[in-house]
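Along the sequence shown, residues are numbered consecutively beginning with 1.
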Amino acid sequence: MSEALWIKIIGTLPAVLWVLFAATVYVTLRGTIVERMVPRLTAVRAMGMEFELAAELLDRAQDESESPVTPHARRTALGRLEHAADLLSDGRILWVDDHPEGNAPLTELFRTAGMHIDVARSTEEAAPLLRRRSYDVVISDMERNGDPHAGTTLLRLLEQYGVRTPVLIYSANWDPERGVDRRIFAATTAPIELVHYVIDLMERSRLATL
């Protein structure tokens, strides 16, 4: 064998040895690598499934609403939901409405985001809940059981109890021309706007505790 051939063979040895070393390390540590990657991959898949569910629930809520929505507004709301996951997790909402079945898609949406929702059908049902626990957000309609001032009655109850929780009005009967009570953070008839307002309030609540 010629000297030139030997020199060529010796020159390729480092590369061959590195390949053998990498293969040995992979075979030895393959189990550990897979064990560490699987939970992360599973979490990513789970987040993807939850995001798809959130989109479906938001679409259902929007379909049941008379308020129009653009594709851009839908994408923006879903994007905020995805990025606000940590802020929404373990948040508490008290939702006061005499027809909670009409809010089912949004209620499930917020629960999917990790929030806890208590539902009351009247101001009377809401009263003991407000005395027992604290909430990050109160959502209320305005007219309940034939009383067009039920929402305002709830606001006065909050003042009576010294509860400073911000209130969102979500009601098909909302008429801003009647004036906006100082205790109301925002009012809307649109599901996507309600999602934005809840995220806004949770951001305030979380940042205030930092």
Side-chain angles (χ1 to χ4, degrees), residues 30-121 126 129 133-141 165-174 184-210:
R30 182 175 181 276
T32 302
I33 293 173
V34 170
E35 287 178 1
R36 292 188 176 183
M37 288 184 64
V38 166
R40 183 174 297 179
L41 292 173
T42 302
V44 170
R45 292 194 191 100
M47 288 175 63
M49 292 175 62
E50 290 178 2
F51 184 74
E52 291 176 5
L53 177 58
E56 178 185 340
L57 292 169
L58 187 59
D59 289 342
R60 280 174 50 195
Q62 193 62 47
D63 289 342
E64 296 175 8
S65 168
E66 297 181 357
S67 59
V69 62
T70 64
H72 174 72
R74 177 183 181 275
R75 287 194 302 270
T76 301
L78 289 172
R80 285 200 74 193
L81 278 169
E82 186 177 22
H83 289 96
D86 290 341
L87 291 172
L88 298 178
S89 181
D90 289 329
R92 287 194 168 275
I93 294 177
L94 173 61
W95 201 320
V96 189
D97 194 310
D98 56 340
H99 294 289
E101 64 278 2
N103 306 318
L106 285 174
T107 300
E108 189 175 349
L109 171 64
F110 290 129
R111 284 176 174 155
T112 298
M115 303 189 76
H116 306 280
I117 316 291
D118 287 337
V119 176
R121 291 177 177 270
L129 295 173
R133 62 191 59 160
S134 60
Y135 294 93
D136 297 294
V137 183
V138 172
I139 302 175
S140 173
D141 58 356
T165 305
V167 178
L168 295 175
I169 298 298
Y170 182 63
S171 173
N173 300 321
W174 170 250
I184 298 174
F185 175 81
T188 183
T189 62
I192 281 183
E193 289 186 356
L194 184 69
V195 168
H196 281 298
Y197 289 140
V198 168
I199 295 174
D200 290 342
L201 289 175
M202 289 305 301
E203 286 177 344
R204 292 187 177 197
S205 176
R206 295 296 193 238
L207 293 175
T209 61
L210 294 179

Determine, stepwise, if the pair Arg60 / Leu109 fulfils side chain to side chain contact (heavy atoms under 4.5 Å, CB included). CA-CA 10 Å; Arg60 280 174 50 195; Leu109 171 64; over 6 Å; no
Going from [atom1] on [X] to [atom2] on [Y], what distance comes out if it is rounded to the nearest 0.5 angstrom?
X: His196; Y: Thr76; atom1: NE2; atom2: OG1; answer: 6.0 Å
X: Asp141; Y: Ile169; atom1: CG; atom2: CD1; answer: 7.5 Å
X: Leu78; Y: Leu58; atom1: CG; atom2: CG; answer: 5.5 Å
X: Leu88; Y: Ser205; atom1: CG; atom2: OG; answer: 10.5 Å
X: Ile192; Y: Ser67; atom1: CD1; atom2: OG; answer: 7.5 Å
X: Leu87; Y: Leu201; atom1: CG; atom2: CG; answer: 12.0 Å

Under a 4.0 Å threshold between the charged nitrogen and the carboxylate oxygen, would Asp200 count as salt-bridged to Arg80?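 Salt bridge flag = yes for Asp200 with Arg80.
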Give me the atom names and distance for the closest heavy-atom approach of [X] to [Y].
X: Gly91; Y: Arg206; value: N-NH2, 3.4 Å
X: Arg74; Y: Val69; value: N-CG2, 4.1 Å
X: Arg121; Y: Pro100; value: NH1-CD, 3.4 Å
X: Thr189; Y: Pro191; value: O-CD, 3.8 Å

With a 4.5 Å cut-off on side-chain heavy atoms, are [Y] and [X] touching?
X: Ser140; Y: Leu168; value: no
X: Asp59; Y: Glu56; value: no
X: Val119; Y: Asp97; value: no
X: Thr188; Y: Tyr170; value: yes
X: Leu129; Y: Tyr135; value: yes

Given Ile117, Ile93, Val198, Val195, the one that forms side chain to side chain contact (heavy atoms under 4.5 Å, CB included) with Leu106: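 Among Ile117, Ile93, Val198, Val195, the one that satisfies the side chain to side chain contact (heavy atoms under 4.5 Å, CB included) with Leu106 is Val195.
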Within a reach of under 6.0 Å around CG of Asp86, are more than 12 heavy atoms found that belong to other residues, nucleotides or ligands? no
Surrounding CD of Glu66 (heavy atoms of other residues, nucleotides or ligands, distance under 6.0 Å), is the total greater than 12?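 Counting neighbours around CD of Glu66, 12 or fewer heavy atoms of other residues, nucleotides or ligands fall under 6.0 Å, so no.
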Measure from the side-chain N and O atoms of [X] to the backbone N and O of [Y], and report whether any donor-acceptor pair falls under 3.5 Å.
X: Thr107; Y: Asn103; result: yes
X: Thr112; Y: Glu108; result: yes
X: Gln62; Y: Ala190; result: no
X: Asp136; Y: Arg92; result: yes
X: Ser89; Y: Ala85; result: no

With under 30° as parallel and over 60° as perpendicular, where do the rings of Trp95 and Phe110 fit, or are they tilted in between? tilted
